[in-house]
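Because the structure is predicted, anything quoted here is derived from the model rather than measured. Indexing begins at 1, ligand by ligand and atom by atom, following the structure's order.
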Amino acid sequence: MSVPERMLQFVRLRQQLPERRAAAERTDDFDEIYRDFAATGAAAQASRCSQCGVPFCAVHCPLGNNIPDWLKLTAEGRLQEAYEISSATNNFPEICGRICPQDRLCEGNCVIEKGFDAVTIGAVERFITDTAFARGWVKPARPVRERSASVGIIGAGPGGLAAAEQLRRRGYQVTVYDRHDRVGGLLIYGIPNFKLEKPIVLRRWKLLEEAGIRFELGCAVGQGISFAALRARHDAVLIASGVYRARDIGGPGAGLAGIVPALDYLFASNRMGLGDRVPDFDSGLLDARGKHVVVIGGGDTAMDCVRTAVRQGAASVKCLYRRDRANMPGSMREVKNAEEEGVEFVWLAAPEAFLGDGTVDGVRAVRMHLGLPDPSGRDAVEPIEGSHFALPADLAIKALGFDPEDLPGMFGEPALEMTRWGTVKVNQRTFETTLPGVFAAGDIVRGASLVVWAIRDGRDAAEQIHQHLERQVTLAVAAE
Ligand code: FAD
Ligand code: SF4
Ligand code: SF4
């Protein structure tokens, strides 16, 4: 099949992302930093795609999105069809278009990238679904026929929600349980508004309710309701509870006031943005205004903290990371955004002690140098003797990553087996745990990962749950 004339424009047209607001303007508020694509801009950028026979972009998209197809339809102005194709493989394309690390996934593998800069796949994906919402094309996933079997899902993050929507589409009675008071998991309370505006998450919640999915919020499984009771209520259960045990840092001064875990800090900021009252923010504990802030860590969570602190009006914001820029786990695009917004990166430096009397007023750190790769393949870090230095800090934020909580303990279910990393052990093909009829998906299986992977797992687990329930029906009929 020949490539339509309208495509292959990368030789003529330069890559152009939607306009990014200037740093001085965007740090005055918590709004997203990219403006919307104009329809002509999206069509032009989509037309840069060369419609590869083997599209590496799609191969490296965890959802296997049909990227060339929706790019071509966008270039031709056939946006409703583009939306149908894009939403066939992704429950939340407008969210992935905003927050996937595209440089490591689809765009990082676009074959025109080498000489010409990748097609702006994420921005076009976001544009398609935002347009679909604006024009009323996005409809609740109402089933053609109802089924009596019910599924209980623990966790209203992207993994649980994607599974809920897929199962509801097939007609199952779905209830999602979450310990928080809003739907979205880390989409609502973890990821800051300047990356993902909250109305985008809230409108998905509304649609899922309109589809007939029930939500029991403020309901912590293992406390509000027992895991055994939940299993008894449903024909199948999906655990999509994410990972929340923050890795800690010890050493002298670790107990001083003003040293806070990253998620406490980000949750407070997101709740304030949603209009909630947060006593620890009002008291100043989780507010960076006027403070010298030091964030410890180098991942995306650390980037979200430093950029939040800038927006709250911190006096200074530093990011302390023990490796160098090249070895940073966070997205380079986020590092660049943070630098533009005034964040200072202190590379190759690790904290040794927190300073202060009752309340933190500084962090003592030591310079590091990179050694040979360790067993994980990453360069090992070693302290440089006598290289200590101190940074002023009225607020120190620990962003060192997350581990899973003790689920067998929390659920009172010792037969739920875990891996040696503390994640839930599942059959890789069926997503079933060691408990019959109980499945698991998302971060609680993979460890801290990405939204797009949680969606993928949620979709796959939903398909497996459907097959499991179908088998139960067949067995019941055979037994009659
Ligand atoms: P979660 O989103 O964590 O949702 C799990 C839900 O389960 C939560 O709502 C929780 O309240 C609920 N729950 C837990 N235990 C119970 C219980 N016992 N009873 C009831 N409910 C329970 N990924 C990206 O792709 N791009 C990004 O830019 C990005 N930024 C991030 C920024 C931060 C600060 C963090 C922490 C993560 C970020 N991630 C990002 C990762 C991404 O958010 C996660 O990989 C994703 O949300 C995992 O989805 P999930 O559904 O498995 O779990
Ligand atoms: Fe790229 Fe993420 Fe969209 Fe896949 S879901 S095409 S990786 S932005
Ligand atoms: Fe188009 Fe790039 Fe994907 Fe090829 S790899 S189909 S050029 S977006």
Using the rule side-chain contact (heavy atoms from CB on, under 4.5 Å), only one of Asn337, Ile397, Val343 pairs with Val306; which is it? Val343
Who's closest to [atom] heavy-atom-wise, of [options]?
atom                    : options                        : value
atom 7 (S) of ligand 2  : Leu105, Val124, Val451, Ile121 : Leu105
atom 45 (O) of ligand 1 : Ile154, Leu161, Asp443         : Asp443
atom 5 (C) of ligand 1  : Gly185, Ala240, Gly442, Gly458 : Ala240

What are the protein N/O/S atoms, named by residue and atom, that sit under 2.8 Å from atom 4 (Fe) of ligand 3? Cys52 SG
Could you say whether the N/O atoms of [X] and ligand 1 ever approach to under 3.5 Å?
X      : result
Thr301 : no
Asp300 : no
Leu186 : yes
Ala441 : no

Report, in ascending order of atom number, the atoms of ligand 1 lying under 4.0 Å from any heavy atom of [X].
X      : answer
Ala454 : 48 (C), 49 (O)
Ile99  : 24 (C), 25 (O), 26 (N), 27 (C), 28 (O)
Met410 : 18 (N)
Gly159 : 51 (O)
Gly242 : 3 (O), 5 (C), 53 (O)
His180 : 9 (O), 11 (O)
Gly155 : 6 (C), 7 (O), 12 (C)
Tyr177 : 20 (C), 21 (N)

Quick one: do Arg168 and Glu209 make a salt bridge, cutoff under 4.0 Å? no
Does the pair Asp403/Arg247 count as a salt bridge with the N-to-O cut at 4.0 Å? yes
In terms of residue, atom name and distance, what is the protein heavy atom nearest to [atom]?
atom                    : result
atom 31 (C) of ligand 1 : Ile191 CG1, 3.5 Å
atom 1 (Fe) of ligand 2 : Cys106 SG, 2.3 Å
atom 18 (N) of ligand 1 : Val221 O, 3.1 Å
atom 3 (Fe) of ligand 2 : Glu125 OE1, 2.2 Å
atom 2 (Fe) of ligand 2 : Cys100 SG, 2.4 Å
atom 4 (Fe) of ligand 2 : Cys61 SG, 2.4 Å
atom 12 (C) of ligand 1 : Asp178 OD2, 3.3 Å
atom 4 (O) of ligand 1  : Gly157 CA, 3.4 Å

Apply side-chain hydrogen bond (donor to acceptor under 3.5 Å, both in side chains) to Gln80 and Arg135, showing your working. CA-CA 9 Å; Gln80 191 161 4; Arg135 301 205 186 160; over 6 Å; no
Verify the distance criterion only: is there a donor paired with an acceptor across the side chains of [X] and [Y] at less than 3.5 Å?
X      : Y      : value
Asp304 : Tyr265 : no
Asn427 : Gln464 : no
Arg179 : Tyr244 : no

So for [X], does at least one of its heavy atoms come nearer than 4.0 angstrom to any atom of ligand 1?
X      : result
Gly222 : no
Tyr244 : yes
Cys219 : yes

Heavy-atom contacts under 4.0 Å between Ser331 and ligand 1: side chain, backbone, both, or neither? neither
Would the number of heavy atoms belonging to other residues, nucleotides or ligands and lying under 6.0 Å from CZ of Phe56 be above 12? no
May I ask you to check whether over 12 heavy atoms, not counting those of Gln467, lie within 6.0 Å of atom CD? yes
Do Arg204 and Phe92 meet the cation-pi criteria used here (NZ or CZ under 6.0 Å from the six-membered ring centre, within 45° of the axis)? no
Any atoms of ligand 3 less than 4.0 Å from a non-hydrogen atom of Leu71? List them with their elements. 8 (S)
Only residue of Arg98, Lys198, Lys195, Arg21 satisfying salt bridge (Lys or Arg N to Asp or Glu O under 4.0 Å) with Glu32 is Arg98
With under 30° as parallel and over 60° as perpendicular, where do the rings of His180 and Tyr189 fit, or are they tilted in between? perpendicular
